[in-house]
Amino acid sequence: MGVSRPAVNVDSFMVTNRIRQVTAANETLLSFLPTWEQFRHEPDTANFAFGNPQEMVVDGFTSALARATEPHDKDHYAYKFSEVESRVTVAGHLTEWRGQEFDPEDIAMTPGAFGAIAVALAALVDVGDEVVYSDPSWFFYRSMILAAGATPVRVQVRADDYDLDLDRLAGAITDSTRLVIINTPHNPTGRIYPPSTLEGLSAILTAASDRFGAPIYLLSDEPYSKLVFSDASFTSPARWYSHTLISYSYGKVLLTPGQRIGWLAWTPSMAERESLRSAVFMAQVAGGWQFPSAIMQYSLAELDRLSIDVVELERKRDLFVSELRASGYDLQPPEGTFYLWVRSPDPDDVAFVERLAKEGVLVLPGTTCGSPGRFRISLTGTTEMIDKSLPVFRAAI
Ligand SMILES: Cc1ncc(COP(=O)(O)O)c(C=O)c1O
């Protein structure tokens, strides 16, 4: 996403059907990128389009990486798998944080949550299987499901509070459903699913697995689980549903998505967890060596203790939410993540976002997240950017 791309017409040469489908699924995002490219380098642009840093990296990040470049033996820069030190760090942290005893062997180190999701799909989902997820959603679930040769099945979240719609979800499950993906804290709405919802989801998946005689796996995508505001708390469905895998990325808590590290973990209560270990390992190798680099793994013990300033993020949330509401915008305060999900005053969110861009404010059209008529603001923009953008938002409504 960093350099200018040649315009690609996928009909003009032979590409796989999967990539044609992925390209079609990303039509709005691809057509938004030239606008983003055009304005994001302008010095006055208030850039809230993606979860990218707009300020310098957190203290301690570069010094941890610098220390990790120093080789301690001849294997320092050899091929890296999920290194024992990394797995022990993650399992220890998870056990303390989540109150479940995670085994380091049940942690696969990946290049971010992207890698973890790709590996979970490769290990668990066959061509033709159905994968259920909710809209609005992070824009690449659909693409990744299609790239795995599976069939995406989408279910709308509840319109009033953005909670999972369990009735709809139960209705979407068939004997071809192999995997359900949920994302909490949720991009783009900022919703954190409450324990009652997760318990209900677990009951639905347990009953469906029993009915069809094979487990339906749950992938709980949790890259924002450290970005939770003071008026909310986070719980993972792994507490209730033993066939849960968790995907995580350090790219959000450190705001360093350009240095790839994350993990895929599965619950200590999963009966087939030992078989999953080798399946995930082979999926990582065959999927193009889906392991983080040596430097990222050797710096992990230090990186694991760092975070962006969540108090400051909450201050920006409160400021932005109250100012936008005062101007007449309709939005709910997020409970976590660094996004605001706003109703577009113009039902054509793509046109509205183009208008804002011309006034120096970059936000993301809701259509890219499967929800026309909304737009997403990333709170990774600076306070100066927020101040600059408020009169533009006021005038645009
Ligand atoms: C919900 C969700 N899942 C996964 C990812 C991928 O995270 P990363 O790029 O850090 O791997 C993102 C990134 O925006 C996301 O929002």
Side-chain angles (χ1 to χ4, degrees), residues 1-2 26 29 32-33 36 47-54 57-58 61 90 108-121 131 133-145 147-148 152 154 157 162 164 179-193 218-228 234 236-237 245-265 284 287-288 290-293 296-297 300 303-304 306-308 313 334-341 363-364 366 368-371 376-380:
M1 271 193 199
N26 286 288
L29 184 63
F32 171 68
L33 289 180
W36 177 69
N47 188 349
F48 309 111
F50 294 104
N52 267 325
Q54 304 298 336
V57 68
V58 288
F61 183 81
V90 173
M109 299 308 302
T110 60
F114 253 116
I117 297 165
V119 163
L121 287 166
V131 179
Y133 71 102
S134 298
D135 261 348
S137 61
W138 178 52
F139 31 81
F140 288 135
Y141 292 135
R142 192 173 183 77
S143 307
M144 295 180 80
I145 296 165
R154 62 175 129 190
V157 298
Y162 304 137
L164 282 179
L179 183 71
V180 172
I181 302 178
I182 67 162
N183 165 220
T184 182
H186 185 253
N187 172 9
T189 65
R191 178 74 210 220
I192 298 178
Y193 300 134
L218 176 65
L219 177 62
S220 185
D221 187 27
E222 304 175 2
Y224 300 94
S225 48
K226 291 278 179 183
L227 304 181
V228 174
F234 167 80
S236 172
L245 295 92
I246 304 170
S247 45
Y248 184 77
S249 170
Y250 288 86
K252 309 300 176 189
V253 66
L254 303 175
L255 206 40
T256 52
Q259 283 293 340
R260 317 286 307 154
I261 187 160
W263 44 260
L264 180 71
Q284 288 180 279
Q290 294 275 14
F291 301 96
S293 70
M296 291 315 287
Q297 295 208 51
L300 186 68
L303 298 183
D304 196 56
L306 305 179
S307 171
I308 56 169
L313 200 61
E335 298 174 295
T337 74
F338 41 56
Y339 303 113
L340 302 181
W341 185 237
V363 299
L364 191 73
T368 58
C369 304
S371 275
R376 191 193 74 177
I377 293 174
S378 173
L379 292 172
T380 57

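Atoms within each ligand, like the ligands themselves, are counted from 1 in listed order. Numbers here simply count residues along the sequence, with the first being 1.
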Undergrad: Report yes or no: does a heavy atom of Pro223 sit under 4.0 Å from some atom of ligand 1?
TA: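 Yes; Pro223 lies near enough to ligand 1 that a heavy-atom distance drops under 4.0 Å.
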
Undergrad: Can you confirm, on distance only, whether ligand 1 has an N/O atom lying under 3.5 Å from any N/O atom belonging to Phe114?
TA: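 The answer is yes, given that Phe114 and ligand 1 share an N or O pair closer than 3.5 Å.
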
Undergrad: Compute the minimum heavy-atom distance from Phe50 to ligand 1 and say whether it is under 4.0 Å.
TA: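 No, Phe50 has no heavy atom closer than 4.0 Å to ligand 1.
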
Undergrad: For atom 3 (N) of ligand 1, what's the nearest protein heavy atom and its distance?
TA: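 Result for atom 3 (N) of ligand 1: Asp221 OD2, 2.5 Å.
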
Undergrad: Report the nearest protein non-hydrogen atom to atom 10 (O) of ligand 1: residue, atom name, distance rounded to 0.1 Å.
TA: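 Nearest protein contact, heavy atoms only, for atom 10 (O) of ligand 1 is Ser249 OG, 2.5 Å.
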
Undergrad: Are Ser236 and Glu222 close enough that a side-chain donor and a side-chain acceptor fall under 3.5 Å?
TA: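 Note: Ser236 and Glu222 side chains meet the donor-acceptor criterion.
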
Undergrad: State yes or no: are the ring centers of Phe50 and Trp36 separated by less than 6.0 Å?
TA: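 For Phe50 and Trp36, the ring centres are under 6.0 Å apart.
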
Undergrad: Please could you name the atoms of ligand 1 that Gly112 approaches to less than 4.0 Å, counting only its heavy atoms?
TA: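 So the atoms of ligand 1 that pass are 11 (O).
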
Undergrad: Within a strict 4.5 Å, meaning less than it, do heavy atoms of the Val157 and Tyr193 side chains meet?
TA: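 They are in side-chain contact.
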
Undergrad: Ligand 1 versus Phe139, non-hydrogen atoms closer than 4.0 Å: side chain, backbone, both, neither?
TA: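 None of Phe139 does.
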
Undergrad: How about Met109 and Ile261: do any of their side-chain heavy atoms sit closer than 4.5 Å?
TA: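 Yes, side chains in contact.
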
Undergrad: Distance under 4.0 Å to a non-hydrogen atom of Ala113: what atoms of ligand 1 satisfy this?
TA: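 Atoms satisfying the 4.0 Å criterion: 4 (C), 6 (C), 7 (O), 8 (P), 11 (O).
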
Undergrad: Look only at interatomic distance and state if Tyr339 has a nitrogen or oxygen under 3.5 Å from any nitrogen or oxygen of ligand 1.
TA: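 No: no nitrogen or oxygen of Tyr339 is under 3.5 Å from one in ligand 1.
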
Undergrad: Any idea which protein heavy atom is nearest atom 13 (C) of ligand 1, and the distance to it?
TA: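 For atom 13 (C) of ligand 1, the nearest protein heavy atom comes out as Lys252 NZ, 2.7 Å.
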
Undergrad: Evaluate Asn183 for polar contact with ligand 1, using N/O atom pairs at a separation under 3.5 Å.
TA: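 So ligand 1 has no N or O lying under 3.5 Å from an N or O of Asn183.
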
Undergrad: Contact between ligand 1 and Phe140 is defined here as a heavy atom of the residue under 4.0 Å from a ligand atom; is it met?
TA: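 Per 4.0 Å heavy-atom rule, Phe140 does not contact ligand 1.
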
Undergrad: Under 4.0 Å from a heavy atom of Arg260: give me the atoms of ligand 1 that qualify, with their elements.
TA: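 Near Arg260, the atoms of ligand 1 are 8 (P), 9 (O), 10 (O), 11 (O).
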
Undergrad: Would you check if Val253 and Tyr224 make a side-chain contact, meaning some heavy-atom pair closer than 4.5 Å?
TA: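 A side-chain contact under 4.5 Å is absent here.
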
Undergrad: State whether a side-chain donor-acceptor pair under 3.5 Å links Asn26 with Arg142.
TA: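 Distance-only check fails for Asn26 and Arg142.
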
Undergrad: Between CG of Leu254 and NZ of Lys226, what distance do you get to the nearest 0.5 Å?
TA: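 Answer rounded to 0.5 Å: 11.0 Å.
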
Undergrad: For Ser249 and Gly251, indicate whether the former's side chain and the latter's backbone hold a donor-acceptor pair under 3.5 Å.
TA: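 Yes, Ser249 side chain to Gly251 backbone: donor-acceptor pair under 3.5 Å.
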
Undergrad: Given Asp221, which of Leu245, Ile117, Ile246 fulfils the side-chain contact (heavy atoms from CB on, under 4.5 Å) condition?
TA: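 With Asp221 as partner, side-chain contact (heavy atoms from CB on, under 4.5 Å) holds for just one option, Ile117.
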
Undergrad: Given the ring of Tyr162, does Arg191 sit roughly above its face, with NZ or CZ under 6.0 Å from the centre of the six-membered ring and within 45° of the axis?
TA: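 Arg191 over Tyr162 ring: no.
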
Undergrad: Backbone or side chain, does any N or O of Pro111 fall under 3.5 Å from an N or O of ligand 1?
TA: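 N/O-N/O distance below 3.5 Å does not exist for this pair.
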
Undergrad: Heavy atom under 4.0 Å from ligand 1: found in Tyr224's side chain, backbone, both, or neither?
TA: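 Under 4.0 Å from ligand 1, Tyr224 contributes side-chain atoms alone.
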
